[in-house]
Peer 1: 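Questions regarding the structure given below will be posed in turn.
So you know, we letter chains A, B, ... as the sequences are listed, proteins then strands, and number each from 1. Everything numeric in this text was worked out from a predicted model, so none of it was measured.
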Number of protein chains: 2
Amino acid sequence: MEKAATLWDRSRQAVVAEIVETALVLFAEQGYEATTMAQVAARAGVSQRSLFRYFGTKEDLVCGEQDALGELLVRAVEEQAPEVSTWDALRAGFTTILTASNHTQERVLEISTLIFGNASLRARYFEKRLKWQKALVPVVEKRMGIEHREIPDPAAMGVIATVFACVDTASELWVRHGGKADPFELYERALAAVRG
Amino acid sequence: MEKAATLWDRSRQAVVAEIVETALVLFAEQGYEATTMAQVAARAGVSQRSLFRYFGTKEDLVCGEQDALGELLVRAVEEQAPEVSTWDALRAGFTTILTASNHTQERVLEISTLIFGNASLRARYFEKRLKWQKALVPVVEKRMGIEHREIPDPAAMGVIATVFACVDTASELWVRHGGKADPFELYERALAAVRG
DNA sequence: AGACAGGTTGGCAGCGACTGTCAATCTGGC
DNA sequence: GCCAGATTGACAGTCGCTGCCAACCTGTCT
């Protein structure tokens, strides 16, 4: 069963990757909004119904991998040594998911540009971001020595939200510079302005 | 023409307010998602087509006034004395729009709870927030003594994004406390944790 | 008063994202 | 080869939203 499951998983993963690829081509050709799910299904050679079974929403065609990245982020922050400051731990987490991404920089830029350029994709990304932030709260609280309650502490939440804010700032500027800027430096400059 | 226009505006505004009221009642009864625009139109006594003319989207039934608040925010920050720090100027802006809102605290809480509890409303709010942030960039750059370029400076953007992050943190916690907490104190605690 | 022009409304048909359902098909294990 | 379970595809339907057109209401000019 083990081997069968993974084999099946691999073939499914290949199908998913191929669908994503055709979708991205179509989005690049005609734009995200102007491309219908029917078109994607037709060109990918699956029925519309199956397409919606693979990707629950149109946005998932672009943002589908973010769940995995979120878990990775939380784990990376968790595994930072206790003497590392909260800020450094969070930055390390983001460094991890950036380097762990198995895409070329061009692909990341393409997808980021797509996301930043479309309202519903931005919304989708934002929702995922919120989940990541929520998952980080206990980790950061522990690191800051704050006891966990049902309603979190504003300090922990504020720090997390701020780091995400600076990451978003850096990402947006990186996209607007067409990838021709160092995202880490942008992040550092944003955070430096905040922390004085 | 002056008087006629305002008279007409007033009647239209009354219609809008009444529609919003019936919509909020329906949302409270059955939830946001489960309420269809057809239901709102029927109970408000207008055609579905006209409902969509008053409110371009379902989300606008809840988030409709945010455009005006955004302009108010930008103006308030702009009008702060130059010797006021950027952080204080931004906080003053948010204080302004909070006190300028012509709703009772209960109504603000009701709407905020609705928004924080639904993904598409959150998305809508987030989009508006992005517009506010964008509009604030030149104002804050000027205040920080940064020359304005086509692609903004990460320092200004980071500061703005951080203030919004802390405002969001405070808002969310305020909602989760059922309004039984001081939102300003929550904001101060979040920002204090960030700025050390 | 009556015709005329402007904007407002309602109904209808349609699009696109998304879902439930059910039959057809494919798969792995006996 | 056959059966059970999973996967797929086709179809119809819901809901948010838009374009279009005819009806209507309002104020104006003659």
Peer 1: Would you say A:Tyr54 reaches D:dT7's phosphate, i.e. side-chain N/O to OP1/OP2 under 4.0 Å?
Peer 2: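 For A:Tyr54, the contact criterion (side-chain N or O under 4.0 Å from OP1 or OP2 of D:dT7) is not met.
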Peer 1: Is A:Glu141 close to A:Glu147 at the side-chain level, that is, under 4.5 Å between some pair of heavy atoms?
Peer 2: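 No. Closest side-chain heavy atoms not under 4.5 Å.
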Peer 1: Check whether any side-chain N or O of B:Ser50 sits under 4.0 Å from OP1 or OP2 of C:dG10, and answer yes or no.
Peer 2: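 Yes, within the criterion.
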Peer 1: N/O contacts under 3.5 Å, protein versus nucleotides 20-25 of chain D?
Peer 2:
residue : atom : partner : partner atom : Å
D:dC20  : N4   : B:Arg49 : NE           : 3.4

Peer 1: Categorize B:Thr35 for me: base, sugar-phosphate, or nothing, with a 4.0 angstrom heavy-atom threshold over every strand shown.
Peer 2: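 Sugar-phosphate contact only.
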Peer 1: When the distance from CD of B:Gln48 to C1' of D:dT14 is rounded to whole Å, what number comes out?
Peer 2: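 Taking atom C1' of D:dT14 as the reference, CD of B:Gln48 is at 12 Å.
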Peer 1: Could you check how far CG of B:Leu51 sits from P of C:dT9, rounded to whole Å?
Peer 2: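 Roughly 12 Å, once rounded to whole Å.
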Peer 1: Donor-acceptor pair, distance only, cut-off 3.5 Å: does the side chain of A:Asn118 make one with the backbone of A:Leu121?
Peer 2: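 Between the backbone of A:Leu121 and the side chain of A:Asn118 there is a qualifying donor-acceptor contact (under 3.5 Å).
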Peer 1: What integer distance in Å separates A:Leu61:CG from C:dG16:C1'?
Peer 2: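 Taking atom C1' of C:dG16 as the reference, CG of A:Leu61 is at 14 Å.
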Peer 1: Closest to the B:Thr57 side chain: C:dG10, C:dG16, D:dC17?
Peer 2: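 The closest nucleotide is D:dC17.
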Peer 1: Side chain of A:Phe52 only, please: which of C:dA17, D:dC17, D:dA10 is the nearest?
Peer 2: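 Closest of the options to the side chain of A:Phe52: C:dA17.
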Peer 1: Both A:Met37 and B:Gly45 contact DNA chain C. Taking the nearest nucleotide for each, which residue is further toward the 5' end?
Peer 2: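 Counting from the 5' end, the first nearest nucleotide belongs to B:Gly45.
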Peer 1: Does the pair A:Asp67/A:Lys131 count as a salt bridge with the N-to-O cut at 4.0 Å?
Peer 2: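 So A:Asp67 does not pair with A:Lys131 through a salt bridge.
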Peer 1: Test the A:Lys58-A:Phe52 pair against the cation-pi criterion, namely NZ or CZ under 6.0 angstrom from the six-membered ring centroid and within 45° of the ring axis.
Peer 2: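 A:Lys58 over A:Phe52 ring: no.
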Peer 1: Indicate yes or no: does B:Glu172 engage B:Arg122 in a salt bridge with an N to O separation below 4.0 Å.
Peer 2: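 The answer is no: the pair does not qualify as a salt bridge.
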Peer 1: Can you confirm whether more than 12 heavy atoms, excluding those of B:Lys128, are under 6.0 Å from its NZ atom?
Peer 2: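 Counting other residues, nucleotides and ligands, NZ of B:Lys128 exceeds 12 neighbours.
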